[in-house]
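Notes to accompany the following structure.
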Amino acid sequence: MSVPPSDPASAPAVAAELRESAGRERREKLRGFLTDWQAVTGLILVVAFFASAIFAPWLAPYDPNAMDIPARMSGPTWAHLAGTDQLGRDTFSRILYGGRVALYIAAIGVSVSLIIGLVLGMIAGYGPRWLDNLLLLAFDAVRSFPAIILALATVALTGPSLTVVLAIVIITTIPSYGRVARTATMALRHTEFILAERSLGASTPRILLHHVMPNVIGPLLILAAMEVPVVVSIEAGLSFLGIGVLPPKASWGTILNEGYLVIRDAPWMVIAGGIPLILTTLGFTFLGEALRDVFDPRMGRGR
């Protein structure tokens with residue numbers, strides 16, 4: 001059966017139909033996202049986390065380090081919504097400023113580890129077998145080493161600081177992104193469009209940058225959304241142990257540590273310090289799962 005020649009005049013109509021179809025698909029995905037209660041809840045909590053951290057200097061009613069000794073360890077009141085600590089500092093203000101530390105660690109830590117993991121994963125998935133095995137060995141070695149032991153060893157050499165926390169976060173989260181990028185790259189390296197590019201003489205960096213990375217970055221961004229609460233928890237845990245952010249700088253981990261010391265007399269400090277961790281974890285988890293369902297329905301919750 002012969003194929004009729006294509007009509008050049010119909011090309012604009014076909015292109016317009018394709019654009020309309022793509023736009024309709026985007027609208028359907030957005031509608032599905034906005035009608036999912038978990039997605040909306042996660043989005044609200046994530047926006048609240050970013051807004052409270054960014055605008056903390058304007059939202060905090062007090063200086064986070066200002067001491068009011070007569071009001072020390074007072075319970076929640078209209079003057080101090082989350083009470084005060086053993087030095088009379090306003091706990092609510094310290095929680096808001098602690099969110100700035102969490103946002104700083106999450107933003108830089110997740111971004112840097114995602115970029116490094118993406119590059120190493122694509123190299124492992126597209127490179128020779130020996131290089132793939134070497135990088136996988138490195139990923140497994142890092143993942144098998146407990147983060148707390150790495151933190152203790154580093155602090156023993158350098159002393160506790162925010163830089164140490166950031167370095168620990170980056171090192172321990174790179175393997176997650178690297179493995180996802182490697183798997184996605186290996187699935188793409190023998191596809192027809194990649195083979196066609198290679199036959200046309202395209203260089204490996206060009207193939208990875210222009211053809212592999214755009215198809216790999218989506219799953220990594222979804223993973224990054226779900227990794228944010230892990231990173232925040234690592235920072236809070238290290239600060240709680242005294243090997244992260246040091247007092248008097250406000251951090252959710254230091255607030256929990258200070259509250260734990262006086263938990264019998266002022267339990268509201270532990271409660272107030274734990275609530276933002278719980279809400280942040282729920283927000284990013286709900287949002288990450290919703291984005292996964294939108295962009296990869298095969299991994300959805302089966303609704």
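Note that the structure is predicted; figures quoted are calculated from it, not measured.
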- [ ] Determine whether Met67 and Phe92 fall in the same hydrophobic cluster, where Ile, Leu, Val, Met, Phe, Trp and Tyr are linked whenever their side-chain heavy atoms lie under 4.5 Å apart.
- [x] no
Task: hydrophobic_cluster_shared for Val262 and Ile271, side chain cutoff 4.5 Å - done: no
Task: Arg94/Asp63 salt bridge by N-O under 4.0 Å criterion - done: no
- [ ] Give the C-alpha distance, both sets of side-chain angles, the deciding distance and a yes or no for side-chain contact (heavy atoms from CB on, under 4.5 Å) between Leu87 and Asn65.
- [x] CA-CA 9 Å; Leu87 297 177; Asn65 296 321; over 6 Å; no
Task: Ser111 (side chain) donor-acceptor with Ile108 (main chain) under 3.5 angstrom - done: no
- [ ] Show your reasoning for whether side-chain contact (heavy atoms from CB on, under 4.5 Å) applies to Asp132 and Arg182.
- [x] CA-CA 9 Å; Asp132 179 29; Arg182 170 187 175 271; 2.6 Å; yes
Open item on the list: Within this structure, what is the OH-CD distance for the pair Tyr104 and Glu235, rounded to the nearest 0.5 Å?
Closed with: 11.5 Å
Open item on the list: Could you check whether Thr84 and Ser74, counting side-chain N and O atoms only, form a donor-acceptor pair closer than 3.5 Å?
Closed with: yes
Task: Gap between atom OG of Ser176 and atom CE of Met226 - 0.5 Å precision - done: 12.0 Å
- [ ] Give the minimum heavy-atom separation between Arg100 and Ala53, together with the two atoms involved.
- [x] CG-O, 2.8 Å
Open item on the list: Quick check for you: to the nearest 0.5 Å, what is the distance between Thr281 atom OG1 and Phe286 atom CZ?
Closed with: 10.5 Å
Task: Residue pairs, two or more places apart or on separate chains, that pass salt bridge (charged side-chain N to carboxylate O under 4.0 Å, His left out) and touch residues 65-81 - done: none
Open item on the list: Using every non-hydrogen atom in the two residues, find where Pro267 and Asp265 come nearest and quote the distance to one decimal.
Closed with: CD-C, 3.7 Å
- [ ] Considering non-hydrogen atoms only, spot the tightest contact between Pro276 and Ala272 and give its length.
- [x] CD-O, 2.9 Å
- [ ] Decide whether Glu227 and Thr173 meet the rule of one side-chain donor and one side-chain acceptor closer than 3.5 Å.
- [x] no
TODO: Return yes if some donor-acceptor pair links the side-chain N/O of Thr254 with the main-chain N/O of Ser251 below 3.5 Å, else return no.
DONE: yes
Open item on the list: Could you see if Ile149 belongs to whatever hydrophobic cluster contains Ile168? Use Ile, Leu, Val, Met, Phe, Trp, Tyr and a side-chain cutoff under 4.5 Å.
Closed with: yes
TODO: Report whether Ile54 and Val231 are members of the same hydrophobic cluster (ILVMFWY, side-chain heavy atoms less than 4.5 Å apart, transitive linking).
DONE: yes
Task: pair Val119-Leu208: side-chain heavy atoms closer than 4.5 Å - done: no
Task: Cluster overlap Ile171 with Phe139, hydrophobic side-chain contacts below 4.5 Å - done: yes
Open item on the list: With heavy-atom distances below 4.5 Å as the criterion, would you say the side chains of Leu120 and Arg179 are in contact?
Closed with: no
TODO: Would you indicate whether the side-chain heavy atoms of His80 and Thr77 approach each other to under 4.5 Å?
DONE: yes
TODO: Calculate, to the nearest 0.5 Å, the distance between atoms CD1 and CG belonging to Ile115 and Leu220 respectively.
DONE: 11.0 Å
Task: Heavy-atom check, side chain of Trp252 versus side chain of Ser239, under 4.5 Å - done: no
TODO: Go through the steps for Ile69 and Gln86 under the test side-chain contact (heavy atoms from CB on, under 4.5 Å), then give the verdict.
DONE: CA-CA 8 Å; Ile69 300 301; Gln86 61 269 39; over 6 Å; no
- [ ] Kindly give the heavy-atom pair with the smallest separation between Val110 and Ala224, and that separation in Å.
- [x] CG1-CB, 3.7 Å
Task: Min side-chain heavy-atom separation Met213-Leu118 under 4.5 Å - done: yes
Open item on the list: Less than 3.5 Å apart, any donor N or O on the side chain of Thr285 or Glu289 sitting next to an acceptor on the other?
Closed with: no
TODO: Would you mind reporting whether Arg89 and Tyr62 have side-chain heavy atoms less than 4.5 Å apart?
DONE: no
Task: Leu279 and Phe284, any side-chain heavy atoms less than 4.5 Å apart - done: no
Task: Flag side-chain contact, heavy atom, 4.5 Å: Leu137 against Asn133 - done: no
Open item on the list: To the nearest 0.5 Å, what is the distance between OG1 on Thr91 and CD on Glu258?
Closed with: 9.0 Å
Open item on the list: Just verifying a value: how many Å separate Tyr126 OH and Thr185 OG1, rounded to the nearest 0.5 Å?
Closed with: 10.0 Å
